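Just so you know, ligand 1 is whichever comes first in the structure, and atom 1 is the first atom listed for that ligand. Every value quoted in this text rests on a predicted model; they were computed, and no experiment measured them. Any value given below was found using the heavy atoms of this structure, including those in side chains, with hydrogens, waters and symmetry copies removed.
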Amino acid sequence: MRRGRRGSHAWVYFIWGINGLAIISMVGFSIFYRTSLDASAANAATSTPRPGETRKLPPTSYFLPTLTPNPYYTPPVFETSTPFVLAYGPRPAVIGFSLAGRPIEAYTFGTGKRQYLIVAGIHGGYEGNTIALANELITYLNQYPETIPGDMTLYIIRNMNPDGEARSNDVDGRVNNNGVDLNRNFPTDNWVADWDRDGCWIYRPTTGGAYAGSEPETRSVMSFIEGHNITAMISYHSAALGVFPGGVPWETASKRLAAKLAKATGYAYPPVDTGCVYTGTLADWAVENGVGASVDMELRDHKNSDFKENLKALQVLMNFEP
Ligand SMILES: [Zn+2]
């Protein structure tokens, strides 16, 4: 019996020893496991960057253009009254628009320093042959560009009064759409809205404008001349009275240019004196504003362009030094 009891005690110690070892190893493992979990959590925390704070913007309003058409808007007419397009060659510069929105075009030939200017059609369809002449000169110069010396540039404003030209080819086509005589609208020293009609054109009522330089056609040509250093210029008219020098009284260089042009073309100089006093003219304004010499030159009639004579006139113009 005693032996048996001693033996059973030994077994109890042995079993508790095993249990103790098992408990210690379990606790050790669980501690190791937790530590490794913490370590991996720490790794995860450092390797994932935290996104920065997103700023919340206040809502923005956009004012988009309305698509409702303006009932007072009249679309401009972008076409010339006499379609004139060179098959090839320079495109014209649009230097302004008439009251009806027709473009006023300037053709440029040459690139030299000396600059010369021809203006046609200031009296619209009534003097439509001046526009025909300009078209012929433009076509000719496009075909024979060597006509222009290397040191000069020639500008041709082929139709200063496109609304007048579109309206009519007789007396009704002389003024612009405000009834203004554009060759009386320039802000010269002698501009007047109304004038003594003795010896002057009297076939329709016309004015010099609400004020000097009131018309868009006038201002377009003024801006063009002010933007260039023009040595000499011709403003074409018809018919028959001859060559009028610019300036009040006639300016010396312009008189010299008029005499030379008259000699080349056969037009009258001094011009026929009808007793009319011309006010607010382009030629006068030009010499008062820096153009070296300027003339109003009239073709022989209202029909022909006098192309041959005016090809000679072009040579005189291009060789003229004030
Ligand atoms: Zn005229």
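- When only modelled atom types and interatomic distance are considered, S98 and N161 share no side-chain donor-acceptor pair under 3.5 Å.
- Annotation: Y155 is not in aromatic contact with Y116 [ring centroid separation under 6.0 Å not met].
- Remark: E226 engages no residue in a side-chain hydrogen bond (donor to acceptor under 3.5 Å, both in side chains) (not counting sequence neighbours).
- In terms of distance to the Zn ion (ligand 1), the nearest N, O or S atom of H237 is named ND1.
- Within the coordination shell of the Zn ion (ligand 1), defined by N, O or S atoms under 2.8 Å, D296 is absent.
- Using a cut-off of 4.0 Å between Lys/Arg side-chain N and Asp/Glu carboxylate O, R197 and D194 are scored as salt-bridged.
- As for H123, its N/O/S atom nearest the Zn ion (ligand 1) is the one called ND1.
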